[in-house]
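Below you'll find the structure, written out as structure tokens, and then a few comments.
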2 protein chains.
Amino acid sequence: MDMEKGPLERAAAEEYASWFKALADATRIQIVSLLARRRTPMSVGEIVAASGVGQSTVSHHLKILADVRFVLVERQGTSSLYRINEACVSCFPTAADVVMGNPVPAPPTCE
Amino acid sequence: MDMEKGPLERAAAEEYASWFKALADATRIQIVSLLARRRTPMSVGEIVAASGVGQSTVSHHLKILADVRFVLVERQGTSSLYRINEACVSCFPTAADVVMGNPVPAPPTCE
DNA sequence: TTGCTTCATCGACTATCGTCGATTATCGAT
DNA sequence: ATCGATAATCGACGATAGTCGATGAAGCAA
């Protein structure tokens with residue numbers, strides 16, 4: 001394998017970036033930390049009430065977080081219950097992973 | 001202290017986000033990993049040659065990384081030598097930090 | 001069925017971001 | 001002082017992303 005020349009392959013760099021992009025927004029950070037505080041799943045309405053942004057905006061961010069498997073959804077009746085994905089939290093790449101050229105964790109791509 | 005109601009304070013969320021934003025771009029990931037591979041400082045010209053994007057673009061990204069203290073600069077003659085900041089790499093927040101509401105590391109704000 | 005509630009999706013607007021080419025500033029050497 | 005090399009800054013462009021209001025879709029109850 002050619003790992004001597006140049007930087008990371010572009011593809012690997014993009015995959016890494018897609019991880020960090022998921023947490024590169026203040027609203028998403030709030031949503032994630034909110035879901036973590038309440039250990040129990042939350043409906044979209046609850047998240048909207050607690051986060052102070054519009055319902056469509058929350059839905060949008062939840063979709064982004066769900067695409068990366070950072071949160072998990074479970075439809076219950078007329079409402080969607082979201083909870084954070086502990087497994088995804090622990091496999092989230094660190095800066096050291098990037099710097100050491102470790103293989104990129106899988107979840108973001110397995111959408 | 002009020003840590004029961006609502007999500008993270010907006011300010012803390014923004015500081016967290018500013019960390020992740022720094023690595024939320026494939027080109028910056030490449031630059032960082034490139035600087036880490038070569039243990040020795042690199043000039044902008046070398047980084048340009050290895051990263052395949054324009055000189056002004058590289059300079060722009062280096063500035064972003066330097067603002068967050070992720071890389072350190074040292075002017076030497078007519079060229080600027082960049083190297084990664086190991087200290088900043090190790091204090092880079094993890095997803096677990098966000099989820100557990102840990103205090104945001106300092107460097108990004110100390111610009 | 002008709003309503004009501006909850007959420008996802010759509011369309012539009014704005015702001016931010018990444019990229020480039022060109023210009024400017026700084027340093028060294030002649 | 002002038003020239004050449006290196007890198008930072010500027011201005012502009014296109015693309016992406018965050019937000020909102022409005023609309024649409026799915027479920028439940030009457």
Side-chain angles (χ1 to χ4, degrees), chain A residues 7-8 10-11 13-32 34-35 40-68 70-83 108 111, chain B residues 7-8 10 13-32 34-35 41-68 70-83 108 111:
Chain A
L8 271 187
R10 187 72 184 185
E14 308 242 14
E15 292 181 40
Y16 262 126
S18 74
W19 273 103
F20 293 106
K21 269 194 246 251
L23 293 186
D25 177 81
T27 301
R28 283 196 292 275
I29 296 266
Q30 286 187 297
I31 291 176
V32 163
L34 177 63
L35 288 174
T40 155
M42 295 181 70
S43 70
V44 176
E46 297 179 273
I47 301 174
V48 169
S51 67
V53 295
Q55 177 264 318
S56 62
T57 301
V58 169
S59 226
H60 174 230
H61 287 303
L62 285 172
K63 175 170 174 46
I64 291 177
L65 291 170
D67 284 349
V68 182
F70 211 100
V71 300
L72 302 175
V73 208
E74 178 194 1
R75 304 225 44 156
Q76 181 145 341
T78 164
S79 66
S80 299
L81 301 184
Y82 285 85
R83 58 190 172 86
E111 199 285 332
Chain B
L8 271 189
R10 187 72 186 186
E14 308 240 14
E15 294 180 39
Y16 262 126
S18 73
W19 274 102
F20 293 106
K21 268 194 248 256
L23 294 186
D25 176 79
T27 301
R28 283 197 291 276
I29 295 266
Q30 287 186 296
I31 290 177
V32 163
L34 176 63
L35 287 174
M42 295 181 68
S43 70
V44 176
E46 297 178 274
I47 300 173
V48 169
S51 67
V53 294
Q55 178 265 319
S56 63
T57 301
V58 168
S59 227
H60 173 232
H61 287 303
L62 285 172
K63 175 169 175 44
I64 292 177
L65 292 171
D67 284 350
V68 182
F70 211 99
V71 301
L72 302 175
V73 208
E74 178 193 3
R75 303 224 47 156
Q76 181 145 339
T78 165
S79 66
S80 300
L81 301 184
Y82 285 87
R83 60 192 171 85
E111 199 281 331

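FYI, side chains are in, hydrogens and waters are out, and symmetry mates aren't considered; it's all heavy atoms of this structure. The structure displayed is predicted, hence computed values, not measured ones.
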**Fill in**
Sequence neighbours excluded, the answer for salt bridge (Lys or Arg N to Asp or Glu O under 4.0 Å) partners of B/Arg10 is B/Glu14
**Fill in**
Taken to the nearest whole Å, CD1/B/Ile64 to C1'/D/dA8 is 14 Å
**Prompt:** Taking only residues two or more places apart in sequence, or in another chain, which ones meet B/Gln76 in a side chain to side chain contact (heavy atoms under 4.5 Å, CB included)?
**Reply:** B/Glu74, B/Leu81
**Prompt:** Which nucleotides of nucleotides 19-24 of chain D have their base under 4.0 Å from a protein heavy atom (B), which only their sugar-phosphate (S), and which neither (-), written as one string 5' to 3'?
**Reply:** BBBB--
**Request:** Go through the structure and list residues passing salt bridge (Lys or Arg N to Asp or Glu O under 4.0 Å) with A/Glu46, not counting sequence neighbours.
**Result:** none
Only pairs under 3.5 Å count here: list side-chain donor-acceptor contacts from residues 52-59 of chain A, not counting sequence neighbours, and write none if there are none.
none

**Item:** Helix axis bend for the helix from C/dT1-D/dA30 to C/dT30-D/dA1 - C1'-based end axes, five pairs, 10° rounding
**Value:** 10°
**Prompt:** Does the B/Arg28 side chain pair with the main chain of A/Ala17, one donor and one acceptor, at a distance under 3.5 Å?
**Reply:** no
**Message:** Please enumerate all residues that pass ring pair (Phe, Tyr, Trp, His ring centres under 6.0 Å) together with B/Phe70, with sequence neighbours excluded.
**Reply:** B/Phe92
**Message:** What is the separation between atom CG on A/Leu65 and atom P on D/dG18, rounded to the nearest whole Å?
**Reply:** 10 Å
**Request:** On DNA chain C, reading 5' to 3', which nucleotide is the first and which the last to sit with an atom under 4.0 Å from a heavy atom of chain A, could you check?
**Result:** C/dT5 to C/dT19
**Request:** For DNA chain C, find the residues of residues 74-82 of chain A with a heavy-atom distance under 4.0 Å and give them by number; none if there aren't any.
**Result:** A/Thr78, A/Ser79, A/Ser80, A/Tyr82
**Fill in**
CD1 (A/Ile29) and OH (B/Tyr16) are apart, to the nearest 0.5 Å, by 8.0 Å
